[in-house]
Visitor: 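Mind having a look at this structure? Questions to follow.
Both backbone and side-chain heavy atoms feed into the values below; hydrogens, waters and symmetry mates do not.
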Amino acid sequence: MLLAIDVGNTETLIGVFRDESLRWHWRMATRPERTADELALLFGGFLELERLSFASDITGVSMASVVPRQTQALREMVSRYFGFAPVVVEPGTKTGMPIHYDNPKEVGADRIANAVAAKATYGTPAVVVDLGTATNFDVISAAGEYVGGILAPGLQVSADALFARTARLPRVELVPPRSVVAKNTVESLQAGLIYGTVDMIDGLVERIQRDVGRGEVIATGGLAPIVVKESRTITQHEPWLTLEGLRLIHDLNATGAADA
């Protein structure tokens, strides 16, 4: 079985594949200060929930991380507790996708994994909208090349900034209000945050599609469910897109595919 790990700035997504099927998945908060031993305890606990173990079930590990301290701790954890090296998405890792970026090393590993999975699953051209700490747009051309993207503030980051920088505005639940024209402070904030994010997404996707052509627009990330139903341009919702990309990249780089 393959263990796939996607370390984001806010959350870490964990999945276990049997062959090509994602069988189990979990989310945990990302804490850069966690050591290899602490991570082993957490990962072992998740696996135990499904009666799985480091030693007898996991035969491969594929990971993407945008948190360097956690990347190193995870390398140590995999080496010490699994007994082999992980496939890490980084410069030099085979992805099967040409990356047309001024400096390809600047592209986040999760963004590459998303693009690889989008191309394999939905064809090209395609746009991936990843709603996490930031809202990332990643663009795959009709020729199947990664041609760039857009980075924008995330929905939760925007909400936190408003709360932190204003004296009287409260924290609010991120759900759509009754009407876009709100009649109280809470719903006014919800309207601005949610519909502002949705319209940003739709407007940027339409601009992208004028450049690369129309194709599937795939939403992923922990905050995607909040906006998917409100968007006119998002065509697919794939919460585990990054994990699928990590599986595909693992297959390209491992000496042998993960066993069942």
Side-chain angles (χ1 to χ4, degrees), residues 1-8 12-26 30 36 39-40 43 46-47 52 54-101 103-124 126 128 130 136 138-141 143-149 218 220 238 240-260:
M1 293 185 192
L2 174 69
L3 177 68
I5 308 166
D6 171 31
V7 182
T12 295
L13 185 58
I14 306 161
V16 175
F17 287 86
R18 186 192 296 274
D19 296 325
E20 297 181 1
S21 174
L22 180 63
R23 298 294 303 274
W24 302 280
H25 48 75
W26 306 275
T30 299
L39 289 168
F43 278 69
F46 286 127
L47 293 172
L52 303 174
F54 290 157
S56 60
D57 295 298
I58 303 302
T59 57
V61 175
S62 184
M63 54 181 276
S65 173
V66 297
V67 183
R69 285 179 62 189
Q70 200 77 138
T71 308
Q72 182 58 37
L74 282 166
R75 286 185 195 269
E76 293 176 11
M77 181 201 77
V78 174
S79 177
R80 187 180 307 165
Y81 290 93
F82 291 84
F84 50 78
V87 170
V88 181
V89 182
E90 58 188 350
T93 305
K94 296 176 185 177
T95 64
M97 175 173 286
I99 300 172
H100 296 304
Y101 211 70
N103 181 359
K105 294 179 181 179
E106 292 179 357
V107 185
D110 55 336
R111 299 175 69 187
I112 297 301
N114 284 341
V116 168
K119 175 183 175 181
T121 307
Y122 294 105
T124 60
V128 178
D130 190 344
N136 300 335
D138 295 298
V139 184
I140 305 99
S141 71
E145 303 162 327
Y146 183 94
V147 293
I218 307 106
T220 192
E238 288 287 350
W240 320 118
L241 188 72
T242 315
L243 296 181
E244 176 63 15
L246 289 173
R247 182 189 69 79
L248 293 167
I249 292 170
H250 177 270
D251 288 351
L252 283 174
N253 289 271
T255 54
D259 297 327

Visitor: Measuring from atom CZ of Phe46 to atom CD1 of Ile14, what distance do you get when rounded to the nearest 0.5 angstrom?
Guide: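 The CD1 atom of Ile14 is 4.5 Å from CZ of Phe46, to the nearest 0.5 Å.
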
Visitor: For Trp24, enumerate each residue passing the ring pair (Phe, Tyr, Trp, His ring centres under 6.0 Å) test, keeping only those at least two apart in sequence or located in another chain.
Guide: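 Per chain and number, Trp24 pairs via ring pair (Phe, Tyr, Trp, His ring centres under 6.0 Å) with no residue.
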
Visitor: Nearest 0.5 Å, please: how far is CG in Asp19 from CG in Leu2?
Guide: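 It is 10.5 Å, given to the nearest 0.5 Å.
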
Visitor: How far apart are the closest heavy atoms of Ala254 and Val87, and which atoms are they?
Guide: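 Here Ala254 and Val87 meet closest at N-CG2, 4.4 Å.
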
Visitor: Between Ala113 and Ile249, which heavy-atom pair has the shortest distance, and what is it?
Guide: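 Closest heavy-atom pair between Ala113 and Ile249: CA-CD1, 4.0 Å.
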
Visitor: Rounded at 0.5 Å granularity, tell me how far OG1 in Thr242 sits from CH2 in Trp240.
Guide: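 One gets 10.0 Å once the value is rounded to the nearest 0.5 Å.
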
Visitor: Got a sec, which residues hit salt bridge (Lys or Arg N to Asp or Glu O under 4.0 Å) with Arg247, two or more places apart in sequence or on another chain?
Guide: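 Counting only residues at least two positions away or on another chain, Arg247 forms a salt bridge (Lys or Arg N to Asp or Glu O under 4.0 Å) with Glu244, Asp251.
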
Visitor: For Phe43 and Leu74, run side-chain contact (heavy atoms from CB on, under 4.5 Å): C-alpha distance rounded to whole Å, both residues' side-chain angles, the deciding distance at 0.1 Å, then the answer.
Guide: CA-CA 10 Å; Phe43 278 69; Leu74 282 166; 4.0 Å; yes

Visitor: Return the set of residues passing side-chain hydrogen bond (donor to acceptor under 3.5 Å, both in side chains) with Thr95 (not counting sequence neighbours), or none when no residue passes.
Guide: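 By the side-chain hydrogen bond (donor to acceptor under 3.5 Å, both in side chains) rule, Thr95 matches no residue at all.
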
Visitor: Write out all pairs satisfying salt bridge (Lys or Arg N to Asp or Glu O under 4.0 Å) with one or both partners inside residues 58-81, taking only residues at least two apart or from two chains.
Guide: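 The answer is Asp37-Arg80, Arg75-Glu90.
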
Visitor: Could you check whether any side-chain heavy atom of Asp57 comes within less than 4.5 Å of a side-chain heavy atom of Leu47, counting everything from C-beta outward?
Guide: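 Not in contact.
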
Visitor: For the residue pair Tyr122 and Glu238, establish whether any side-chain heavy-atom pair is separated by less than 4.5 Å.
Guide: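 Of all side-chain heavy-atom pairs linking Glu238 with Tyr122, at least one is under 4.5 Å.
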
Visitor: Of the non-hydrogen atoms in Ala64 and Ala109, which two are nearest, and what is the gap between them?
Guide: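 Closest approach of Ala64 to Ala109, heavy atoms only: CB-CB, 3.6 Å.
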
Visitor: Does Ser79 use its side chain to pair, donor to acceptor, with the backbone of Phe84 at less than 3.5 Å?
Guide: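 Checked: no pair found.
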
Visitor: Indicate yes or no for a side-chain donor-acceptor contact from Thr124 to the backbone of Lys119 under 3.5 Å, with no hydrogens or angles considered.
Guide: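 No: the side chain of Thr124 does not pair with the backbone of Lys119.
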
Visitor: Return yes if a side-chain donor-acceptor contact under 3.5 Å exists between Asp130 and Thr220, otherwise no.
Guide: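 Side-chain D/A pair, Asp130 to Thr220: absent.
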
Visitor: Minimum heavy-atom separation for Ala73 and Ala36, please, with both atom names.
Guide: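 It is O-CB, 3.5 Å.
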
Visitor: Whether the side chain of Ser21 engages the backbone of Arg23 through a donor-acceptor N/O pair (distance < 3.5 Å, no angle test) should be reported.
Guide: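 Not a single qualifying donor-acceptor pair exists.
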
Visitor: Check whether any side-chain heavy atom of Leu252 lies under 4.5 Å from a side-chain heavy atom of Thr93, and answer yes or no.
Guide: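 Not in contact.
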
Visitor: Once you round to the nearest 0.5 Å, how far does CG of Asp110 lie from CG of Asp138?
Guide: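 Going from the CG atom of Asp110 to the CG atom of Asp138 covers 8.0 Å.
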
Visitor: Looking only at heavy atoms, which two atoms of Ala115 and Met97 are closest? And how far apart?
Guide: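 Smallest interatomic distance, heavy atoms only, reads O-CE, 3.4 Å.
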
Visitor: Restricting to non-hydrogen atoms, name the atom on His250 and the atom on Gly60 that form the minimum distance, rounded to 0.1 Å.
Guide: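 Here His250 and Gly60 meet closest at NE2-CA, 3.9 Å.
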
Visitor: Holding to side-chain hydrogen bond (donor to acceptor under 3.5 Å, both in side chains), I want the full list of residues that pass it with Ser62, two or more places apart in sequence or in another chain.
Guide: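 Checked Ser62 against side-chain hydrogen bond (donor to acceptor under 3.5 Å, both in side chains); zero matches.
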
Visitor: Rounded to the nearest 0.5 Å, what separates atom NE2 in His25 from atom CZ in Phe17?
Guide: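 Answer rounded to 0.5 Å: 10.0 Å.
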
Visitor: Contact between Met63 and Thr71 at the side-chain level, heavy atoms closer than 4.5 Å - yes or no?
Guide: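 In short, these two side chains touch, coming nearer than 4.5 Å.
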
Visitor: So, taking the atom named CG in Leu246 and the one named CG in Leu22, what distance separates them when rounded to the nearest 0.5 Å?
Guide: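 Taking CG in Leu246 and CG in Leu22, the distance rounds to 11.0 Å.
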
Visitor: For Thr12, what residues pass the side-chain hydrogen bond (donor to acceptor under 3.5 Å, both in side chains) criterion, not counting sequence neighbours?
Guide: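 Here the qualifying residues are Thr30.
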
Visitor: Can you label the angle between the Phe54 ring and the Tyr81 ring as parallel, tilted or perpendicular, going by 30° and 60°?
Guide: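 Correct class here is tilted.
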
Visitor: So, do Asn253 and Lys94 sit near enough that their side-chain heavy atoms are less than 4.5 Å apart?
Guide: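 Touching, per the 4.5 Å side-chain cut-off.
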
Visitor: Within the 4.5 Å heavy-atom criterion, are Gln70 and Leu39 side-chain neighbours or not?
Guide: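 In contact.
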
